[in-house]
Each structure stands twice: as C-alpha cells, then as structure tokens.
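Nothing here was measured: the structure is a model prediction, and the numbers come from that model. Only this structure's heavy atoms are used, side chains among them; waters, hydrogens and symmetry mates stay out.
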Amino acid sequence: MPELPEVETVRRGLAARVAGRRVAGVQVHHPRAVRRHLPGPDDFAARLRGRVLADAHRRGKYLWLPLDDPPADAMIGHLGMSGQLLLPAPGTPPDPHLRVGLSFVDGAPPLWFVDQRTFGGLSVSTWDGTGVPEQIGHIAPDPLDKAFDDEQFVAALRRRRVAVKVALLDQGLISGVGNIYADEALWRAQLHGQRRSDLLTRPAVRRLVDHVRDVLTEAIDAGGTSFDALYVDVNGDSGWYERELHVYGREGEPCDRCGAPIRREPFANRSSFSCPRCQPRPRLPRASVGGRQPAR
DNA sequence: AAGCTCTCCTGATGGC
DNA sequence: TGCCATCAGGAGAGCT
C-alpha cells in the first residue's frame with residue numbers, strides 16, 4: 001500500500017535511474033491508467049515522446065517528473081493502491097498488469113507503470129518549475145516538506161470539526177498519510193481516531209504531528225534498507241510491516257505498550273486498529289459528526 | 001460550505 | 001467444488 005514512505009522509495013529510484021533519459025516511445029495499454037489526462041491517451045503519449053524526464057519530485061503520495069528540452073510541464077504519477085513504477089531488467093517477462101510503458105532512446109530499461117487495480121495513474125500537467133504542478137495544487141504539503149508549517153496545521157485541524165483520523169487522511173490538510181500510518185501515529189499519540197479535531201488541545205495536536213513525522217521517517221529508513229531500489233511490495237509483506245507496526249493488522253494481538261488485545265473497528269468503509277486501553281473511545285459518540293443517530 | 005457517502009477496480013479469502 | 005459476499009483502500013465526484 002503505497003503511502004508517503006513507499007512513494008519516497010520510488011522517487012529515489014526514479015531520480016537515480018530515470019532522470020536525464022529521453023523518451024523514445026509511449027504505449028498506453030489501458031486507458032484508465034491515464035484517465036486523469038483529460039485530452040486522452042494519444043495526447044498523453046504525444047506530450048512525452050522525445051522529451052527528457054528530468055529529476056523526480058514528490059508531494060505526499062504524488063510524484064512528478066519535470067519534462068525537459070525544452071523545460072515545461074511535468075509527468076505526474078500516483079500509485080493509488082496497487083501501482084508500481086518499475087525498471088524491468090532485460091528478459092523480465094511481461095506483466096499482466098502493465099498499463100503504460102515508456103521506452104528510452106538510449107536503450108535503457110523501459111519504465112513500466114504496473115497497476116493491478118488501476119486506482120493509480122499517470123498524466124502530463126502544466127508546471128512552470130516552481131511549487132507543484134497545477135494538477136496537484138490542491139494537495140497540502142506533507143510533514144517532511146520544508147513548506148509544511150506545524151502551527152498552521154495545528155490551527156487548521158482544530159478549526160475542523162471531524163474525527164481526528166479523518167483530518168489525518170485529508171490530503172488537503174496534510175498529505176502523505178494513509179490508513180496504516182494514521183493508525184500507527186494515533187497509537188503513538190495515544191489518541192482514538194474518533195476524537196473530535198476541534199476538541200483536541202494545541203499541545204496534543206503538536207505531539208500528534210511529531211508522531212506522524214516520526215512514523216513516516218522511520219518507515220522511509222526501513223523501506224530504504226529492505227526494498228530494492230524501485231520495487232515496493234504491494235502485498236504488504238515487506239520487512240517493515242512485520243517488524244515495526246504496532247496496531248495495523250494486529251487485531252487480537254497484545255498492545256506493545258500495555259498488553260491489552262488490539263481492537264479493530266469499522267471506519268469509513270474500512271478498518272481502524274487501536275489499543276482499547278491506551279486509546280479509549282471518546283465518551284460522546286461523535287456528537288454531530290458522522291451523521292445519523294441510531295433508529296429508536 | 002464543510003462534512004459525508006459513494007464509486008472506481010481486481011484478486012484473495014471465507015462461508016455455505 | 002463452486003458460487004457469492006466481503007474486504008483491501010486513495011481520491012475525487014456528488015449530495016446534503
């Protein structure tokens with residue numbers, strides 16, 4: 001599940017091995033993979049052909065590769081749930097989930113966008129070389145970005161009136177955090193995800209941000225050591241998951257802090273994992289947040 | 001208008 | 001054995 005650390009691992013691989021290469025050809029095998037490129041697959045291919053992919057940037061879970069010679073625009077990538085950007089060694093068998101392939105003029109390994117579930121995608125967006133490309137302008141800075149302002153985030157979160165986990169997953173408020181790292185950060189901060197954002201104290205939110213940053217940083221370090229340069233295991237059985245996760249996917253196992261069995265609860269059509277003792281549920285069931293009261 | 005629900009997609013898994 | 005339901009989940013469209 002690519003969240004910020006997995007995407008950062010991919011970015012580093014692209015920066016090291018793709019930057020500077022000139023695109024020879026583009027094959028779009030599945031139009032859905034370029035659905036965010038509104039002019040369509042042919043236009044997508046035409047805008048890349050002959051251009052140089054220069055460098056690799058990231059904000060949150062989005063990647064972009066500036067297009068050079070001449071410098072203008074950028075190719076944007078999002079891995080969604082199951083996307084991979086791969087540089088297959090010669091002789092690698094074709095992948096059944098190959099959606100887009102880029103070949104390069106120097107005969108270097110092609111760049112494959114492989115995506116089983118096609119939640120991710122590629123596109124070309126206008127970019128003037130400053131800030132972020134137009135298409136991802138609505139994405140907030142991530143907490144590892146110099147542009148991220150802790151106090152501004154603390155204030156913005158407390159202005160909202162939502163479950164704190166909803167705020168952590170809102171990419172317009174703070175980017176890069178997904179379901180797994182949200183649960184891990186909340187466990188570290190000893191907060192239940194349904195705590196209301198507007199009722200948290202400033203110091204509590206500051207602590208939470210620090211935990212988010214720690215979790216992401218530690219995950220990048222682990223990803224860097226246990227994954228190949230460009231391969232992120234979408235099945236989630238990387239070393240990091242086994243070794244470091246405290247709550248996610250650990251229902252029934254003892255809390256590493258207090259020993260209570262980890263609980264799993266439904267959350268917005270998915271699951272949340274937490275410690276029932278370290279992270280007590282808020283007393284009032286979400287007041288006006290979350291809509292419907294139970295029928296009576 | 002902020003907050004919430006729904007939808008996109010495929011493969012693994014479990015119940016009957 | 002085989003079929004169906006459920007789950008995984010990022011993000012944006014659309015509704016209230």
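- Computed from coordinates, the A:D115 CG to B:dG11 P distance equals 11 Å when rounded to whole Å.
- Side-chain atoms of A:R160 and A:S197 form no donor-acceptor pair, as typed in the model, at a separation below 3.5 Å.
- Both geometric conditions, a ring-centre gap below 5.5 Å and a plane tilt below 30°, are not fulfilled together for A:F119 over the base of C:dA11.
- Between A:D170 atom CG and B:dG3 atom P the separation is 9 Å, expressed in whole Å.
- Side-chain atoms of A:V162 lie closest to B:dG3 of the nucleotides B:dG3, C:dA8, C:dG12.
- Among the atoms of the strands shown, only primed sugar atoms or phosphate atoms (P, OP1, OP2) are found under 4.0 Å from some heavy atom of A:R36.
- Among the heavy atoms of the strands, none lies under 4.0 Å from A:F267.
- An OP1 or OP2 oxygen of C:dA11 is reached within less than 4.0 angstrom by no side-chain nitrogen or oxygen of A:H138.
- Take the nearest nucleotide of DNA chain B for A:R270 and for A:R160: the residue whose nucleotide is more 5' is A:R160.
- Between A:D43 and A:R47 there is a salt bridge, with a side-chain nitrogen of the basic residue lying less than 4.0 Å from a carboxylate oxygen of the acidic one.
- Between A:Y181 and the phosphate of C:dG10, there is no side-chain N or O to OP1/OP2 separation shorter than 4.0 Å.
- Taking the charged nitrogens against the carboxylate oxygens, A:D183 and A:R270 have no contact shorter than 4.0 Å, which rules out a salt bridge.
- Taking atom CD1 on A:I136 and atom P on C:dA11, their separation rounds to 11 Å, with Å as the unit.
- A:H78 has its NE2 atom 3 Å from the P atom of C:dA11, to the nearest Å.
- Salt bridge absent: A:R188 and A:E184 never bring a charged side-chain N and a carboxylate O closer than 4.0 Å.
- Under the 4.5 Å side-chain heavy-atom criterion for Ile, Leu, Val, Met, Phe, Trp and Tyr, A:V10 and A:L53 are members of the same hydrophobic cluster.
- One atom, CG of A:L38, and another, P of C:dG12, lie 12 Å apart when rounded to the nearest Å.
- Whole-Å rounding puts the A:N269 CG to C:dG12 P distance at 18 Å.
- In this model, the phosphate group of B:dT10 is not approached by any side-chain N or O of A:S82 to a distance below 4.0 Å at OP1 or OP2.
- When distances are taken from the side chain of A:H97 to each of B:dC6, B:dG11, C:dA11, the shortest belongs to B:dG11.
- A:Q116 has its CD atom 9 Å from the C1' atom of B:dA12, to the nearest Å.
- We find that CZ of A:R196 is positioned 10 Å from P of B:dC4, with the value rounded to whole Å.
- Comparing C:dA11, C:dC7, B:dC6 against the side chain of A:R264 picks out C:dC7 as the nearest.
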